[in-house]
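Accompanying notes for the structure given below.
Atoms within each ligand, like the ligands themselves, are counted from 1 in listed order. Fair warning: this is a prediction, and the values are worked out from it, not measured in the lab. Throughout, numbering of the chain's residues begins at 1 and tracks the sequence.
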Amino acid sequence: MRNGDFAVNNRFLRACRREPADRVPVWFMRQAGRYDPEYRQIRETYTLLDICREPELCARVTRMPVDKLGVDAAILFSDIMVPVGAMGMSFSLQENVGPVMEHPLRAEEDVASLRVFEPEEALPYVLATIRHLAKALPVPLIGFAGGPFTLASYMIEGGPSRDYVHTKTLMLARPDLWDRLMSKLSQAMARYLRAQIQAGASAVQIFDSWVGSLSVHAFRVRVKPHVQRMMADLADLRVPVIYFGVHTGELLADFADTGATVVGVDWRTPLDRARQRVGTSVALQGNLDPVSLFAPPEVLRREVETVLELGTQSPGYIFNLGHGVKPSTDLAQLQRVVEWVHAFDPANSPYPPSKEERA
Ligand SMILES: Cc1c2[nH]c(c1CCC(=O)O)Cc1[nH]c(c(CCC(=O)O)c1C)Cc1[nH]c(c(CCC(=O)O)c1C)Cc1[nH]c(c(C)c1CCC(=O)O)C2
């Protein structure tokens with residue numbers, strides 16, 4: 001049994017499929033993290049990668065926001081860099097910086113030596129965590145992987161970047177090598193996501209967080225075919241696949257055309273405009289500005305309702321932030337947001353859905 005099968009009426013999975021749900025479903029990117037004092041306490045003893053390698057602890061951390069916030073889905077606690085290690089590249093996760101590679105990828109041989117790993121052999125602890133969670137969680141579990149552009153950017157830059165000069169230079173100067181790198185990354189991540197789904201994940205999200213740094217043309221020619229292949233590789237499993245990045249306003253139509261079930265939207269693009277761009281074949285997820293959580297509650301409430309009103313104008317909507325929860329966020333603000341989202345009645349929205357949609 002796949003996690004989530006227990007609830008055919010599950011609101012998160014229903015919204016992914018653009019089916020009517022009793023309430024608007026809500027979860028938060030980075031919902032397990034430093035805003036939670038209990039998480040910070042665990043991090044005093046364990047590194048992030050220690051947590052990932054310890055299935056019982058990792059399952060506990062994954063579950064914490066479900067119990068504390070009342071969200072409608074859990075996201076596996078891990079990091080997009082975990083499978084990069086399994087591909088043969090060493091890295092560290094540096095506090096307030098992000099992933100830093102031991103040796104950045106630059107040459108032909110570096111791409112050739114990347115391993116398209118076997119998930120059960122290379123990352124058994126991730127799959128053990130999912131199996132553990134699939135039995136115990138009261139809500140669906142979202143598995144995830146990094147998108148090929150975002151993973152390539154960390155590998156090539158050697159760490160976080162503002163302008164992706166090395167990454168884009170390789171893409172422009174060596175399109176053949178770039179395509180080989182994209183092929184390996186998308187194949188490895190599709191296999192990894194397949195293994196997560198087979199272990200019990202009910203949906204998966206591809207975090208291509210930084211792909212919005214590309215022009216529409218570069219995305220179409222150099223990245224989109226690989227994302228389409230990933231989606232096609234997973235299609236037989238029939239679970240929702242969410243594709244997300246920031247600064248992707250101009251890419252949204254192409255995102256919808258990858259074969260994704262759900263398109264994640266950052267806070268810059270209003271959801272009604274996002275809907276015009278993606279059409280009606282996908283669900284939308286997003287897109288409250290994570291900084292809104294620092295506003296006084298009454299201001300936050302208006303921000304949440306604006307997002308809800310725009311999101312619920314068409315079927316298939318999942319409330320989320322436009323990017324991850326910031327570490328200094330107040331946990332009580334997240335609790336309030338969940339409460340307000342669940343109290344929201346799409347029928348009382350200024351843009352009520354049709355009778356058919358609410359049937
Ligand atoms: C780009 C990216 C990374 N990792 C991830 C992305 C894509 C999402 C995004 O765009 O934010 C994905 C990720 N990383 C983590 C999760 C866990 C699940 C969840 O969302 O709750 C997820 C889904 C844990 C983590 N991964 C990381 C933390 C930070 C806290 C810690 O070190 O314990 C967490 C909770 C470390 C990390 N790892 C990465 C960054 C930029 C950082 C932050 C560095 C810092 O601010 O200290 C790479």
Side-chain angles (χ1 to χ4, degrees), residues 26-54 57-69 71 73-85 89 91-101 126 129-130 133 137 139 141-155 157-162 164 167 189 192-193 196 201 203-213 242-248 264-267 285-287 290 320-329 331 334:
V26 49
W27 69 278
F28 302 111
M29 292 184 277
R30 287 284 169 90
Q31 65 189 16
R34 283 168 294 189
Y35 74 89
D36 180 355
E38 189 185 353
Y39 176 80
R40 290 199 300 271
Q41 204 191 344
I42 293 169
R43 285 279 282 105
E44 281 174 22
T45 315
Y46 302 93
T47 67
L48 190 143
L49 296 174
D50 289 340
I51 300 172
C52 299
R53 291 191 198 104
E54 205 52 70
L57 179 61
C58 191
R60 196 182 124 208
V61 171
T62 301
R63 183 167 175 142
M64 280 172 1
V66 177
D67 297 330
K68 287 179 202 185
L69 306 177
V71 286
I75 181 158
L76 171 72
F77 188 83
S78 186
D79 194 86
I80 59 165
M81 297 305 286
V82 166
V84 170
M89 289 186 77
F91 67 92
S92 57
L93 287 174
Q94 294 184 12
E95 187 106 29
N96 301 318
V97 178
V100 177
M101 307 307 300
V126 175
T129 303
I130 294 175
L133 282 162
L137 268 181
V139 294
L141 176 68
I142 305 169
F144 73 91
F149 178 86
T150 300
L151 293 176
S153 81
Y154 282 117
M155 288 172 156
E157 301 296 329
S161 172
R162 216 210 291 253
Y164 307 97
T167 311
M189 293 312 124
Y192 180 48
L193 290 172
Q196 292 182 43
V204 291
Q205 177 154 327
I206 299 171
F207 283 94
D208 220 348
S209 303
W210 315 135
V211 77
S213 64
I242 309 164
Y243 189 45
F244 167 80
V246 296
H247 282 283
T248 57
V265 183
D266 84 2
W267 64 92
Q285 174 177 281
N287 73 344
N320 205 312
L321 306 181
H323 201 182
V325 177
K326 298 197 171 292
S328 53
T329 302
L331 191 150
L334 291 166

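Ring geometry for F77 against Y39 counts as tilted: the plane angle lies between 30° and 60°, on a 0 to 90° scale.
Against a heavy-atom cut-off of under 4.0 Å, N96 is close to the following atoms of ligand 1: 45 (C), 46 (O), 47 (O). Remark: ligand 1 atoms within the under-4.0 Å shell around heavy atoms of L48 are 25 (C), 26 (N), 27 (C), 28 (C), 31 (C), 32 (O), 33 (O), 34 (C). Listed by number with element, the atoms of ligand 1 under 4.0 Å from a non-hydrogen atom of E95 are 47 (O). Using a 4.0 Å cut-off to heavy atoms of I75, the atoms of ligand 1 that qualify are 18 (C), 19 (C), 20 (O), 21 (O). Atoms of ligand 1 found under 4.0 Å from any heavy atom of H323 (numbered from 1 in listed order, with element): 9 (C), 10 (O), 11 (O).
Contacts between V246 and ligand 1 below 4.0 angstrom, taking non-hydrogen atoms only, are absent altogether. With a 4.0 Å cut-off on non-hydrogen atoms, S78 touches ligand 1 through its backbone and not its side chain. Contact annotation for R30 and ligand 1: heavy atoms of both the backbone and the side chain come within less than 4.0 Å of the ligand. Contacts between Q205 and ligand 1 below 4.0 angstrom, taking non-hydrogen atoms only, are absent altogether.
Partners of E95 by side-chain contact (heavy atoms from CB on, under 4.5 Å), not counting sequence neighbours, listed by chain and number: R34, R43. Contacts of P99 classified as side-chain contact (heavy atoms from CB on, under 4.5 Å), with partners at least two apart in sequence or in another chain: M81, L93, Y154.
Protein heavy atom in closest approach to atom 22 (C) of ligand 1: F144 CZ, 3.6 Å. For atom 46 (O) of ligand 1, the closest non-hydrogen atom on the protein side is R34 NH2, 2.8 Å. Closest to atom 32 (O) of ligand 1, if we only count protein heavy atoms, is R43 NH2, 2.9 Å. Looking from atom 12 (C) of ligand 1 to the surrounding protein, the closest heavy atom is I80 CG2, 3.7 Å. The protein atom (non-hydrogen) at minimum distance from atom 18 (C) of ligand 1 is L76 O, 3.5 Å.
Atom 1 (C) of ligand 1 has its nearest heavy-atom neighbour, among Y39, F207, Y154, in Y154. Nearest-heavy-atom check against atom 48 (C) of ligand 1 across P99, G264, G98 picks out P99. Of the options G147, A32, P160, A145, the smallest heavy-atom separation from atom 21 (O) of ligand 1 is shown by A32. Counting only non-hydrogen atoms, the option in G33, G146, S209 that gets closest to atom 10 (O) of ligand 1 is S209. For atom 38 (N) of ligand 1, the choice among D79, T150, V325 with the nearest heavy atom turns out to be D79.
Annotation: side chain of I130 is in contact with side chain of L76 (closest heavy-atom distance under 4.5 Å). Under the 4.5 Å side-chain criterion, counting only non-hydrogen atoms from C-beta, V84 is in contact with M101.
Surrounding NZ of K326 are at most 12 heavy atoms belonging to other residues, nucleotides or ligands under 6.0 Å away. No more than 12 heavy-atom neighbours from other residues, nucleotides or ligands sit within 6.0 angstrom of OH on Y46.
For a threshold of 3.5 Å applied to N or O pairs, the pair formed by W210 and ligand 1 contains no separation below that value.
The closest donor-acceptor contact from the side chain of Q205 to the backbone of G146 lies at 3.5 Å or more, if one exists at all. Here the side chain of N287 pairs a donor or acceptor atom with the backbone of D266 at under 3.5 angstrom. In terms of modelled atom types and a separation under 3.5 Å, the side chain of Q31 and the main chain of F28 share a donor-acceptor contact.
Remark: L133 CG to R60 CZ distance equals 13.0 Å, nearest 0.5 Å.
Taking the six-membered ring wherever Trp is involved, the centroid distance between the rings of W210 and H323 falls below 6.0 Å.
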